[in-house]
Structure formats: C-alpha cells, structure tokens
Amino acid sequence: MKRRLAAIAALTALATATAACGATEEGAAGPGGIYTTIDGSKQIDATAPINPFNPQGSTFAGYDAMSLAWPKNSLLDADQFYPGIARSWTVTPGQGEVDIHLQPDARWSDGRPVTSEDVRVSIGLAYTQGGSAYTVNSGAAGAAADITVLDGKTLKITQGANRSNAFLRNVLSTIVVPAHVYGHLLPTGFWDTLKTARGTGPAAERAKAVITGLGQQVIAFAPGKDVSAGPFVLERVNPGAALLTKNPYFYDAARIGPSKVKVLNYTGNEQIWNYLVSGKLDSAPFTAVPAAVMNRIERTPGNEVRRGYSPVAAALAFNQSHKPYDDLHVRRALAYLINRAQVTKVASPEAGTAAVTTSGIHASAAKAWLGDGLAGLDPYKVDPAKAEQELKAAGMVKKNGFWAMPDGSPWTVRINVPASFSDWVAAAKSVASQLGDHGVRATVVTSADYILYLDELAAGKYDVGFWLMGLGPSPYNIFQRLYGSANGWQLLAGRLTHVPPGKQGNWMGGPETVGGVNPGELTNRLNLATPEEQKRIVAALARFTNEQLPVIQIYDYVNTQFVNTTRYTGWPPPGSEALRLPAGVWMQLGMIKKK
C-alpha cells in the first residue's frame with residue numbers, strides 16, 4: 001500500500017499543480033529568515049507520524065528527510081547523482097558491488113554521528129516495504145544480495161546474480177534514518193530471516209511473510225520527535241503548515257541560508273496562484289498556470305519563472321481490449337484528427353509543448369536518444385482525408401454525418417480524466433470538440449479524484465483515458481509506463497510474464513507481440529543493456545510506439561516553477577536539471593543565499 005500511495009503522490013506532483021493554503025503571519029516569507037514554500041509531492045497531514053516510510057509522513061525530502069544521494073536527472077545517464085548523506089561512492093564494472101562512503105562530519109540533529117549502521121538499518125526497513133534494490137523476491141533483477149559494514153563510515157552493497165543497471169541509482173536513492181530511533185523495528189534475527197527469504201521453498205515463503213509483515217508496523221511508527229540528518233529538523237506541524245528549523249549539526253550547515261523553512265499545505269491550483277500573485281512564496285514547484293494568471297504572477301515584484309525539462313508527457317491512452325480501439329486503423333484515425341498544438345494551447349500553454357509525434361519519449365529526451373531518427377517517425381499531422389481512409393479500413397461506417405461501428409451501432413469516444421487535473425480536463429474537452437468537428441462523437445467523463453481514477457483505470461473500466469508517460473530519466477522508466485504492468489507485463493523473481501487484459505492491472509490490453517516484436521521484453525532488457533544497446537532498444541521501441549499507437553502523445557510537460565528574488569538569491573538557472581529537486585537540496589548545494 002505504501003508503494004502504491006507513494007507512486008500516486010509522485011505522479012500527482014508531475015501531472016498537476018500543487019497549491020498552498022493555511023498561511024499564517026509566521027509562515028509569510030520575509031526578512032526573518034523564514035523560507036516559505038510548498039511540498040509538491042503531498043499534502044500536509046498533521047496527524048501523520050514523523051516518518052519518511054509513511055506516504056503522508058511529516059517529513060520533507062531534502063529538508064529533514066535525506067537520501068544517500070540526489071539525482072542529477074541527466075537525460076542519458078541516470079546514474080549521475082549529487083552527494084547527500086553519502087559523500088562519494090565507488091562501483092565495480094557491471095554494478096556488482098557499490099561501496100558507499102558517508103559524509104565524515106554527518107550527524108543527526110541530536111548530535112549523534114551518522115554511521116554505516118544507520119544505513120544498514122535503513123536498508124533493512126526498506127526491505128519491509130519491498131521494491132527496487134530491496135526486495136525479498138528470489139532472483140529479482142537488481143536486488144541487493146548482501147550489505148556489509150566495512151567501518152563506521154563505509155559499507156558495501158552487493159548486487160545479486162540477476163543483474164540490473166538500475167542497481168546503483170536504486171541504492172543511492174536509499175532513505176537514511178537513525179538506527180537509535182528506528183532500529184528496534186527490526187526484530188532479533190532479522191538478517192538471518194532475510195537470508196532465508198531469498199531462497200526457495202516453504203521456509204523461504206515463511207521468511208518472506210515475516211519480512212513483509214513488518215511493513216505496516218514500519219509505516220505506522222511514530223517517533224516522539226524528528227531526528228534529522230538534513231539541513232533542517234521539524235519543529236512543529238499543524239493542518240495548515242509545517243515549520244522546520246535549521247539543524248546546527250548538519251554536515252554542511254554553513255551553506256544553508258535560511259534559519260527556518262515554512263512548508264504550506266495545499267488543496268488546489270488557485271491557492272498557489274494567489275500566493276504567487278501576493279509574493280508570499282520564495283519558491284513553488286511545478287505549477288500549471290493559465291496565461292492570464294501567469295501575467296498577474298509575473299507582475300508581482302521579485303517573481304521570476306524558471307523553466308526546465310520535465311521527463312513527463314500527457315497522452316490519450318487506449319484500452320485495446322475494448323472495441324474498436326483494438327483496431328490500429330481506428331487509433332491512427334484519431335491521431336490524424338487531433339491538433340496537438342491546439343490542445344496544448346487550450347490545456348497547458350505555460351507548462352507544456354505540443355508533442356512533435358508519438359514516440360513514447362518526451363521530445364527533449366527523444367532528441368538525445370534518437371538523434372536524426374526522431375525525424376523519421378510519422379508526425380501524425382492533422383489530416384482528415386487520411387483519418388477517413390483509416391476508419392474505412394477498420395470497417396467503420398458513416399451514418400447521418402457521424403462515424404459508427406461496423407455493424408452500424410453508435411460510436412462515442414468516452415475520454416476519462418480525473419476532475420482535479422485541470423489541464424487534463426481542458427485537454428479532453430478540446431480533443432472531444434475536435435473529434436466532433438470531424439464526425440466522431442466524443443464526450444468527457446470525469447472521476448471525483450485521482451486515486452479513484454487510477455483504481456477504475458486499473459480495473460479496465462475505461463475505453464480511453466489520459467495517462468502520464470515518458471517518466472525518465474532512465475530509458476526503462478520511460479517505456480515501462482507503456483510496456484509494463486499497465487499493459488500486462490509483470491516481472492517477478494527475474495521472470496517476465498504477460499497477463500491477459502483485465503488481470504493484475506492490465507488495462508491497456510495490448511498484444512504481447514506484434515510483427516515479432518515483444519515491447520515488454522525489449523523494455524525489460526533496458527535494465528541490463530550497455531549504453532549502446534540501450535540506444536538501439538530505445539530506437540526500436542520508439543518506432544514500435546509510433547507505428548502501433550498504444551497512446552496518442554498530446555503534449556510534453558515543461559517544468560514551470562517560480563522563485564521570488566526579493567528575499568533570497570542563487571536560484572538554479574532556467575533549464576537546470578536541479579530544478580527537478582526540492583529547494584532543500586538547492587540549499588545543500590550552496591545555491592540559496594539570503595539577499
């Protein structure tokens with residue numbers, strides 16, 4: 001459950017604007033050294049424990065919650081990271097072993113040193129949550145096989161025999177918590193149980209149940225106070241905001257400009273727009289803003305826009321187990337009828353660019369991965385004549401000016417979107433209007449919230465729905481959105497299988513192979529391939545996606561953020577990959593200074 005909610009929070013942060021509310025005078029940005037912002041990944045829950053393993057936990061990445069390292073978000077090399085709790089790391093060829101060297105001066109906010117044992121305990125807790133490098137599934141690709149403490153500030157993490165080139169980045173993303181606070185959650189004999197769980201047979205299954213059975217206990221754990229190794233420590237939290245104060249024991253405290261950070265709660269787009277217009281935020285993460293509101297924001301003294309790459313695209317996705325979307329001709333016809341530039345202008349004029357084509361990849365990453373090959377893909381420019389040819393090839397018939405099913409029954413394209421995603425709702429309405437202009441009946445159906453939307457999507461209730469795709473920077477993550485569990489491919493214990501439509505979250509319902517190409521298998525190989533092999537696979541998957549259209553790529557997001565130069569300076573420049581990191585990490589990198 002924790003992983004699912006965390007994934008939802010991450011997707012929500014990328015797809016929609018977050019917004020601040022509940023500001024108080026104490027929370028207002030000003031000369032008192034309080035840096036005011038919002039957390040783009042979650043709403044504040046004053047009842048949530050101070051626990052980074054809890055999806056709503058009262059912890060904030062980059063401020064009081066720390067990872068071993070922070071991703072640089074390189075387009076082509078997902079293994080580039082900035083130091084965090086780890087000062088440096090060394091890795092053997094093939095990522096068989098990773099040696100982690102901790103910051104020598106790192107201490108917790110209670111003054112105790114950060115040690116290798118803290119990392120080891122943190123990894124043990126991560127096993128109870130499962131996933132990435134820390135899974136108890138025997139033979140899972142990219143799983144850690146052993147964690148060895150070499151000394152107080154160094155430890156070695158060994159990858160299992162079923163290798164993945166995502167191992168290093170998964171290890172470096174490990175959240176680190178204090179062993180003297182969390183260590184009691186791991187029972188005596190935990191590591192022996194974990195070793196047994198990695199095997200096979202009844203004993204292994206019992207051991208797995210013990211490990212995963214600890215998961216809810218870890219999520220629910222509520223420490224009495226925040227013990228942080230980050231630049232800040234939580235002082236207090238209420239329904240409107242969280243107040244964090246500077247951690248004097250942070251290993252690089254001299255770099256941290258603000259004395260306090262106020263993280264405001266949010267409920268919707270309008271609140272953050274109002275805060276920006278009134279100049280009350282020092283920075284705001286990705287925010288979808290209409291053009292008229294953008295003009296007001298930019299007129300506020302000190303406000304500046306920072307735009308950069310966002311590895312996400314919005315797409316119209318098909319359930320190919322539902323007719324007539326199982327027919328490629330129908331999907332192509334719709335692609336030839338949608339003016340993507342017009343949709344983008346209506347839905348996301350400030351935070352999106354019209355997709356140049358459907359490749360499965362954000363345009364910026366596509367240029368880096370495909371080079372000249374990008375120009376060889378069908379751009380699917382608006383062409384009603386081609387659309388008509390495709391619909392006729394699918395056997396569709398026209399009755400009274402509208403296209404109908406081959407048997408003459410009515411056909412309506414029902415586009416599902418979550419009501420809270422304002423840009424998706426606007427995009428869906430624009431698409432529906434365009435299709436109607438060309439004789440294709442279309443309607444927009446909204447879900448009350450995003451969680452319900454994802455549940456109904458996974459249950460296969462929708463014909464067509466908006467879907468986030470292209471989630472880089474790693475090529476596996478890019479294509480896993482299209483050729484992973486949502487389309488039937490399941491990776492368990494190192495073995496890739498394909499489940500039928502309607503089973504285990506397979507709502508896209510695409511065939512396992514087309515013309516001898518198995519896109520799920522190709523996607524899985526991206527985790528094991530060399531850089532040159534990855535380029536060949538990415539090119540093949542882009543061509544396949546362009547030809548088969550499991551989705552129609554509508555617009556690529558632009559990471560549109562806001563800063564205010566009245567109180568602080570040193571912001572990441574426009575286009576910087578650091579814009580995709582929390583402002584607390586900017587501070588760790590020495591960027592943010594009092595003005």
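For clarity, every value in this text was computed on a predicted model and none was experimentally measured.
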Is there side-chain contact between Tyr476 and Asn165, with heavy atoms separated by less than 4.5 Å? no

OG/Ser474 to CD/Gln480 distance, rounded to the nearest 0.5 angstrom? 9.5 Å

Who pairs with Trp489 by ring pair (Phe, Tyr, Trp, His ring centres under 6.0 Å), at least two apart in sequence or on another chain? His498

Just jot down the side chain to side chain contact (heavy atoms under 4.5 Å, CB included) partners of Leu589, sequence neighbours excluded, or say none. Tyr82, Val585, Met591

For Pro550 and Tyr483, work out which heavy atoms get closest and say how close. CG-OH, 3.6 Å

Quick one: closest heavy-atom pair of Tyr309 and Ala365, and the distance? OH-CB, 3.5 Å

Validation row: Trp108, Asp118 side chains within 4.5 angstrom (heavy atoms): yes

Minimum side-chain heavy-atom gap Phe53-Thr128 below 4.5 Å: no

Smallest separation among heavy atoms of Leu264 and Ile38, with atom names: O-CG2, 3.4 Å

Flag side-chain contact, heavy atom, 4.5 Å: Leu234 against Ser228: no

Among side-chain atoms of Tyr462 and Glu456, is any donor-acceptor pair under 3.5 angstrom? yes

Between Asp64 and Thr59 (side chain of the first, backbone of the second, donor and acceptor by atom type, cut-off under 3.5 Å), is there such a pair? no

Applying side-chain hydrogen bond (donor to acceptor under 3.5 Å, both in side chains) to Gln95 and Asp79, what does each step give before you reach the verdict? CA-CA 11 Å; Gln95 301 189 7; Asp79 288 336; 3.0 Å; yes

Taking all heavy atoms of Ile50 and all of Lys225, pick out the closest pair and write down the distance. CD1-C, 4.0 Å

Shortest non-hydrogen separation from Pro519 to Glu512 and the atoms involved: CD-O, 3.6 Å

Taken in chain and number order and not counting sequence neighbours, the residues that satisfy side-chain hydrogen bond (donor to acceptor under 3.5 Å, both in side chains) with Thr174 are Tyr134

Check Val237 against Ala242 and note the closest heavy-atom contact, atom names and distance. CG2-CB, 3.9 Å

To the closest 0.5 Å, what do you measure between OG1 (Thr135) and CG (Asn170)? 11.5 Å

State which residues pass side chain to side chain contact (heavy atoms under 4.5 Å, CB included) with Ala203; sequence neighbours excluded, sorted by chain then number. Thr196, Arg206

CA sep, side-chain torsions, deciding dist, call: Ile34, Asp282, side-chain contact (heavy atoms from CB on, under 4.5 Å): CA-CA 9 Å; Ile34 299 178; Asp282 291 302; over 6 Å; no

Output for pair (Asn73 CG, Leu581 CG), nearest 0.5 Å, gives 5.5 Å

Any side-chain donor-acceptor pair under 3.5 Å between Ser283 and Tyr35? yes

In the structure I gave you, are the side-chain heavy atoms of Leu457 and Asn416 within less than 4.5 Å of one another anywhere? no

Given the rule in the side-chain contact (heavy atoms from CB on, under 4.5 Å) test, do Val119 and Ile100 qualify, once you have shown the distances and angles that lead to the verdict? CA-CA 10 Å; Val119 180; Ile100 302 295; 5.7 Å; no

Whether over 12 other heavy atoms sit under 6.0 Å from Lys461 NZ: no

What's the spacing between Leu468 CG and Tyr557 OH if we round to 0.5 Å? 6.0 Å

Given side chains that start at C-beta, do those of Leu482 and Met508 come closer than 4.5 Å, heavy atoms only? yes

Please enumerate all residues that pass side chain to side chain contact (heavy atoms under 4.5 Å, CB included) together with Ser173, with sequence neighbours excluded. Phe81

Any side-chain heavy-atom pair of Met587 and Val261 under 4.5 Å: yes

Assess the residue pair Asn518 and Leu522 against the criterion (side-chain contact (heavy atoms from CB on, under 4.5 Å)); give the C-alpha distance rounded to whole Å, side-chain angles, the decisive distance to 0.1 Å, and a yes or no. CA-CA 6 Å; Asn518 184 323; Leu522 286 176; over 6 Å; no

Indicate yes or no: at least one non-hydrogen side-chain atom of Gln103 is less than 4.5 angstrom from one of Asp252. no

Is the backbone of Ile147 close enough, under 3.5 Å, to the side chain of Trp191 for a donor and an acceptor to pair up by distance? no

Counting N and O atoms only, with roles assigned by atom type, does the side chain of Asn524 sit under 3.5 Å from a partner on the main chain of Gly520, one being a donor and the other an acceptor? no

Look at the side chain of Gln561 and the backbone N and O of Leu579, then say whether any donor-acceptor pair between them is shorter than 3.5 Å. yes

Has the side chain of Ser122 got a donor or acceptor atom that lies under 3.5 Å from a matching backbone atom of Val177? yes

Got a donor-acceptor contact below 3.5 angstrom from the Lys503 side chain to the Gly488 backbone? no

When you measure from the side chain of Lys42 to the backbone of Gly57, do you find a donor-acceptor pair of N or O atoms at a distance under 3.5 Å? yes

To the nearest 0.5 angstrom, please state how far the CZ atom of Phe190 sits from the CG atom of Leu125. 7.5 Å

Check: Arg198 side chain, Ala145 main-chain N or O, donor-acceptor pair, under 3.5 Å: yes

How long is the gap from CG on Leu214 to CZ on Phe221, to the nearest 0.5 Å? 13.5 Å

Residue set satisfying side-chain hydrogen bond (donor to acceptor under 3.5 Å, both in side chains) with Tyr251, at least two apart, ordered chain then number -> none

Heavy-atom donor-acceptor pair, Asn54 side chain to Ile219 backbone, under 3.5 Å: yes

With side-chain contact (heavy atoms from CB on, under 4.5 Å) as the test, would you mind laying out the steps for Thr115 and Leu102 before giving the verdict? CA-CA 8 Å; Thr115 68; Leu102 302 181; 5.5 Å; no

Is the centre of the Tyr453 ring less than 6.0 Å from the centre of the Phe466 ring? no

Tell me whether Thr446 contacts the main-chain N or O of Val417 through its side chain, where contact means a donor paired with an acceptor under 3.5 Å. no

